[in-house]
S.K.: 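One structure, as structure tokens, below. Some questions next.
This one's a predicted model, so the numbers in the text were calculated from it and none came from an experiment. Heavy atoms only: backbone and side chains are in, while hydrogens, waters and symmetry mates are out.
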Amino acid sequence: MNDNASLAIGGSRSALGGLPQRLVQDGLVDEPTMHSALQNARDRKSGFVTQLIGMGAARARDIAVSASHEFGVPLLDLDSLAVDLDLVRLVNDKLLAKHRVLPLYRRGKRLFLAVADPTNLHAIDEIKFATGLGIDAIVVEDDKLQRAVDKAIEQVDTQMPNLTDEEGMDLEGLEVSGGDDDAGEAVTRDDVDDAPIVKFVNKVMLDAIRRGASDIHFEPYEKMYRVRYRMDGVLKEVAQPPVQLSQKICARIKVMSRLDIAERRVPQDGRIKMKLSKTRAIDFRVSTCPTLYGEKIVARILDPSQAMLGIDALGYEPFQKELYLKYLEKPQGMILVTGPTGSGKTVSLYTGLNILNREDTNISTAEDPAEINLPGVNQVNVNPKVGLTFASALRAFLRQDPDVVMVGEIRDLETAEIAIKAAQTGHLVLSTLHTNDAPQTLTRMIDMGVKPYAIATSVSLIIAQRLARRLCTQCKHLVDIPAEALIKEGFSKEDVAAGIKVYGPKGCQACTDGYKGRMGIYQVLPVTDEIGRIIMEGGNAIQIGDEAKKMGVWDLRRSGLEKVKQGMTSLEEINSVTIE
């Protein structure tokens with residue numbers, strides 16, 4: 001917050017100066033709203049421009065134009081400029097984050113600095129002192145500046161140009177523990193407790209959480225070592241530390257996971273709990289695998305705050321949502337969610353459990369591991385090492401008067417048979433299977449050895465799903481596709497005649513390659529009497545699929561094309577996650 005703003009708060013309510021006064025005079029903001037924004041800025045230790053935009057009192061573009069005119073400072077569109085990371089490294093990332101400023105370019109002894117408020121003299125003086133350079137301010141839009149600063153700090157920190165540089169990397173004190181208390185004591189060695197290595201690994205994990213990644217890949221090769229994040233389902237390289245540090249990084253992660261650092265010949269699995277605050281902790285499910293040039297490590301991020309979404313946010317079409325809710329209210333039967341790893345099955349199941357989570361309902365779950373902590377639900381982590389399998393956990397649940405049972409995955413005949421018996425004897429059972437679509441789920445259970453009549457009388461609903469990347473609302477653009485091509489892709493002639501608007505990705509500072517976030521596409525198939533008859537007569541997935549079409553059930557492709565029609569995703573994205 002600038003000096004003028006501070007004076008305005010400390011004095012009388014009418015004593016405005018600097019940019020706040022200019023914005024009021026220009027009629028962009030009324031005076032009471034300005035005083036409220038200044039008070040919020042002081043309380044929250046942020047800029048008043050950010051507060052104004054957050055309150056919806058003014059647009060970032062209008063504020064930037066007004067500031068440029070008032071103080072004679074150049075105005076620049078940040079989207080038109082590539083940020084120079086070498087210049088960003090001149091300034092401690094704490095200062096960049098604190099003041100929300102960004103070095104743009106340098107001319108001799110002058111550094112040109114992007115600011116949202118050119119009267120923030122305190123920020124300019126601190127950057128001048130830190131760099132030893134003269135500072136020239138350039139006004140930019142506040143929202144674009146915040147995104148650019150966050151992105152620049154992430155890129156600089158994860159590239160790790162110098163591991164021995166302590167500046168701005170206060171990460172040693174981060175509280176980290178192994179996921180299993182009985183997995184053995186942590187091993188202390190000089191190479192794995194090396195401060196720069198500890199800082200780097202912690203920073204990679206924190207950045208992954210902040211950027212919404214679902215997995216972190218640590219990959220050793222003969223002449224390089226790289227770190228990649230899976231964001232919105234797509235892998236992106238974020239760092240290339242020196243290959244000589246490969247074993248140190250691996251050893252550090254294994255110590256955090258309480259794995260055997262001396263064992264490099266066989267795969268190992270472990271867990272890390274990273275405490276971010278008193279109220280929030282993130283779990284990482286860690287898997288190691290020996291490769292030609294060292295151990296590859298993949299850490300799956302289990303973040304409950306990202307997974308607990310309401311059913312309206314998941315992407316179900318209205319009639320699909322109604323079907324899911326209808327079968328959740330039934331007192332017995334089995335609901336199966338199917339799809340590949342990482343397709344959002346757990347989120348769909350937990351959304352259903354959250355709806356059922358009432359005082360009068362006894363809910364128990366068996367998972368490997370429990371990814372979302374849901375108060376009111378009895379959750380069990382299976383542990384085959386001590387004999388606690390899905391099947392044994394399910395047997396224990398049935399002796400404890402359950403109303404709803406969730407089995408993380410049906411992997412074998414024993415688990416399937418117990419789950420089906422539970423569904424037939426007055427319990428609602430939810431579980432997952434790995435199949436490509438809903439009709440194949442039924443035939444997959446037959447292949448496992450489950451009797452067809454048992455499937456027909458117990459399974460009530462099957463949901464097949466995929467996750468598709470959502471187009472960025474700020475940069476998506478119309479794509480011109482010939483009508484013949486749209487029909488070939490699967491759109492109806494009526495849709496094409498009505499004039500479908502198809503959008504494509506572009507890419508901007510607010511997104512990743514034109515996409516931001518993901519949504520589900522679904523096939524929701526009720527197991528009707530007719531489908532049950534096909535199962536008991538030994539029918540195959542094709543026959544079940546044909547009957548589903550007669551019932552009006554949308555397959556995954558149809559659901560995906562509907563999202564394209566709604567402008568939510570691109571045709572290329574749907575082609576990548578569904579079969580034409």
S.K.: Determine whether Pro103 and Leu96 make a side-chain contact, defined as any pair of heavy atoms from C-beta on separated by less than 4.5 Å.
M.R.: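 Yes. Closest side-chain heavy atoms under 4.5 Å.
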S.K.: Report the residue from Arg300, Lys275, Arg271 that forms a salt bridge (charged side-chain N to carboxylate O under 4.0 Å, His left out) with Asp283.
M.R.: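 In the set Arg300, Lys275, Arg271, the residue that makes a salt bridge (charged side-chain N to carboxylate O under 4.0 Å, His left out) with Asp283 is Arg271.
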S.K.: How about Val204 and Val238: do any of their side-chain heavy atoms sit closer than 4.5 Å?
M.R.: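 Result no, sub-4.5 Å side-chain heavy-atom pair not found.
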S.K.: Would Arg230 and Ser214 count as having a side-chain donor-acceptor pair, cut-off 3.5 Å?
M.R.: no
S.K.: Of all the heavy-atom pairs spanning Leu471 and Gly567, show the shortest one and how long it is.
M.R.: CD1-O, 4.1 Å
S.K.: I'd like to know whether Leu206 forms a side chain to side chain contact (heavy atoms under 4.5 Å, CB included) with Met274, so could you lay out the CA-CA distance, the side-chain angles of the two residues, the decisive distance to 0.1 Å, and finally the verdict.
M.R.: CA-CA 9 Å; Leu206 286 172; Met274 180 175 284; 3.9 Å; yes
S.K.: State which residue, out of Ile355, Ile311, Leu314, fulfils the side chain to side chain contact (heavy atoms under 4.5 Å, CB included) condition with Tyr324.
M.R.: Ile311
S.K.: Supply the atom-to-atom distance Leu23 CG to Met34 CE, rounded to the nearest 0.5 angstrom.
M.R.: 4.5 Å
S.K.: So, does Asp232 use its side chain to make a donor-acceptor pair with the main chain of Gly212 at under 3.5 Å?
M.R.: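 No, Asp232 side chain to Gly212 backbone: no donor-acceptor pair under 3.5 Å.
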S.K.: Within the structure provided, determine whether Val286 and Met256 are in side-chain contact (heavy-atom separation under 4.5 Å).
M.R.: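 SC-SC contact between Val286 and Met256 ruled out.
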S.K.: How far apart are the C-alpha atoms of Leu561 and Trp554, what are their side-chain angles, what is the distance that settles it, and do they pass the side chain to side chain contact (heavy atoms under 4.5 Å, CB included) test?
M.R.: CA-CA 10 Å; Leu561 293 178; Trp554 287 9; over 6 Å; no
S.K.: Give me each pair satisfying salt bridge (charged side-chain N to carboxylate O under 4.0 Å, His left out) with a member in residues 492-501, each pair once, sequence neighbours excluded.
M.R.: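 Non-adjacent pairs meeting salt bridge (charged side-chain N to carboxylate O under 4.0 Å, His left out): Asp495-Lys565.
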S.K.: Rounded to the nearest 0.5 Å, how far apart are CG of Asp125 and NE2 of His99?
M.R.: 9.5 Å
S.K.: Closest heavy-atom contact between His217 and Asp215?
M.R.: NE2-CB, 3.9 Å
S.K.: Is a donor on one side and an acceptor on the other found under 3.5 Å between the side chain of Ser36 and the backbone of Pro32?
M.R.: no
S.K.: Only counting residues at least two apart or in another chain, list the ones meeting salt bridge (Lys or Arg N to Asp or Glu O under 4.0 Å) with Arg466.
M.R.: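 Residues passing salt bridge (Lys or Arg N to Asp or Glu O under 4.0 Å) with Arg466: none at all.
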S.K.: Evaluate the criterion side chain to side chain contact (heavy atoms under 4.5 Å, CB included) for residue pair Ile63 and Asp142; output intermediate values, then yes/no.
M.R.: CA-CA 8 Å; Ile63 295 175; Asp142 184 76; over 6 Å; no
S.K.: Counting C-beta onward and ignoring hydrogens, is there a side-chain heavy-atom pair between Asn575 and Arg557 closer than 4.5 Å?
M.R.: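 With C-beta onward as the side chain, the pair touches.
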S.K.: What residue among Val479, Leu478, Thr569 forms side chain to side chain contact (heavy atoms under 4.5 Å, CB included) with Tyr503?
M.R.: Leu478
S.K.: Please answer whether the main-chain N or O of Leu87 pairs with a side-chain N or O of Tyr105 as donor and acceptor at a distance below 3.5 Å.
M.R.: no
S.K.: Quick check for you: to the nearest 0.5 Å, what is the distance between Leu145 atom CG and Ile138 atom CD1?
M.R.: 11.5 Å
S.K.: Which pair of non-hydrogen atoms, one from Ala239 and one from Pro241, has the smallest distance, and what is that distance?
M.R.: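 Minimum heavy-atom separation between Ala239 and Pro241: C-CD, 3.6 Å.
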S.K.: Quick one: salt bridge (charged side-chain N to carboxylate O under 4.0 Å, His left out) pairs with a partner in residues 99-113, sequence neighbours left out?
M.R.: Arg100-Asp150, Arg110-Asp136
S.K.: Can you tell me how far apart CZ (Arg226) and CD (Gln240) are? Round to the nearest 0.5 Å.
M.R.: 8.0 Å
S.K.: A side-chain contact here means heavy atoms from C-beta on lying under 4.5 Å apart; do Val524 and Val553 qualify?
M.R.: no
S.K.: If the threshold is 4.0 Å, N to carboxylate O, is there a salt bridge linking Lys563 and Glu573?
M.R.: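 Looking at Glu573 together with Lys563, the answer is no, because their closest N to O distance does not fall below 4.0 Å.
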S.K.: Can you measure from CZ (Arg59) to OG (Ser66) and round to the nearest 0.5 angstrom?
M.R.: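 Going from the CZ atom of Arg59 to the OG atom of Ser66 covers 13.0 Å.
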S.K.: Looking at Asp77, is its backbone amide N or carbonyl O close enough to the side chain of Lys144 to form a donor-acceptor pair, meaning the two atoms are under 3.5 Å apart?
M.R.: no
S.K.: If a pair satisfies salt bridge (charged side-chain N to carboxylate O under 4.0 Å, His left out) and one of its residues is in residues 506-519, list it, with sequence neighbours excluded.
M.R.: Lys236-Asp513
S.K.: Minimum heavy-atom separation for Pro375 to Asn357, with atom names?
M.R.: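 That would be O-ND2, 2.8 Å.
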S.K.: Provide the closest heavy-atom pair for Ala67 versus Pro118 in the form atom of the first, atom of the second, distance.
M.R.: CB-CD, 3.9 Å
S.K.: Would the distance check show the side chain of Gln465 and the main-chain N or O of Ser343 forming a donor-acceptor pair, the cut-off being under 3.5 Å?
M.R.: yes
S.K.: For residues Leu104 and Leu78, determine if any side-chain heavy atom of one lies less than 4.5 Å from a side-chain heavy atom of the other.
M.R.: yes
S.K.: Write down the atom of Ile301, the atom of Ala213, and the distance for their closest heavy-atom approach.
M.R.: CD1-O, 3.4 Å
S.K.: Which pairs, with at least one residue in residues 470-499 and sequence neighbours excluded, count as a ring-ring contact (aromatic ring centres under 6.0 Å, His included)?
M.R.: none
S.K.: For the pair Tyr316 and Tyr522, name the ring-plane relationship: parallel under 30°, tilted 30 to 60°, perpendicular over 60°.
M.R.: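 Answer is parallel, since the angle falls under 30°.
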S.K.: I'd like to check the side chain to side chain contact (heavy atoms under 4.5 Å, CB included) partners of Ser68; sequence neighbours left out, ordered by chain and number.
M.R.: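 Per chain and number, Ser68 pairs via side chain to side chain contact (heavy atoms under 4.5 Å, CB included) with Leu75.
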S.K.: For the OG1 atom of Thr351 and the CG atom of Leu356, what is their distance to the nearest 0.5 Å?
M.R.: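 Spacing of OG1 (Thr351) from CG (Leu356) equals 11.0 Å.
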S.K.: Under 4.5 Å between any side-chain heavy atoms of Phe284 and Leu302, yes or no?
M.R.: no
S.K.: Where do Glu572 and Arg469 land on the salt bridge (charged side-chain N to carboxylate O under 4.0 Å, His left out) test, with the steps shown first?
M.R.: CA-CA 10 Å; Glu572 298 94 327; Arg469 290 181 293 172; over 6 Å; no
S.K.: Are the side chains of Arg558 and Asp555 in contact, using a 4.5 Å heavy-atom criterion?
M.R.: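 The answer is yes; the side chains approach within 4.5 Å.
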S.K.: Determine whether more than 12 heavy atoms belonging to other residues, nucleotides or ligands lie under 6.0 Å from atom CZ of Phe129.
M.R.: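 For Phe129, atom CZ is not crowded (no more than 12 foreign heavy atoms under 6.0 Å).
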S.K.: Kindly determine whether Asp207 and Arg210 satisfy salt bridge (charged side-chain N to carboxylate O under 4.0 Å, His left out), including the steps that lead there.
M.R.: CA-CA 5 Å; Asp207 281 345; Arg210 182 168 56 182; 2.6 Å; yes
S.K.: As a quick check of understanding, evaluate side chain to side chain contact (heavy atoms under 4.5 Å, CB included) for Ile272 and Met205, giving each step before the final call.
M.R.: CA-CA 11 Å; Ile272 299 171; Met205 290 182 166; 3.6 Å; yes
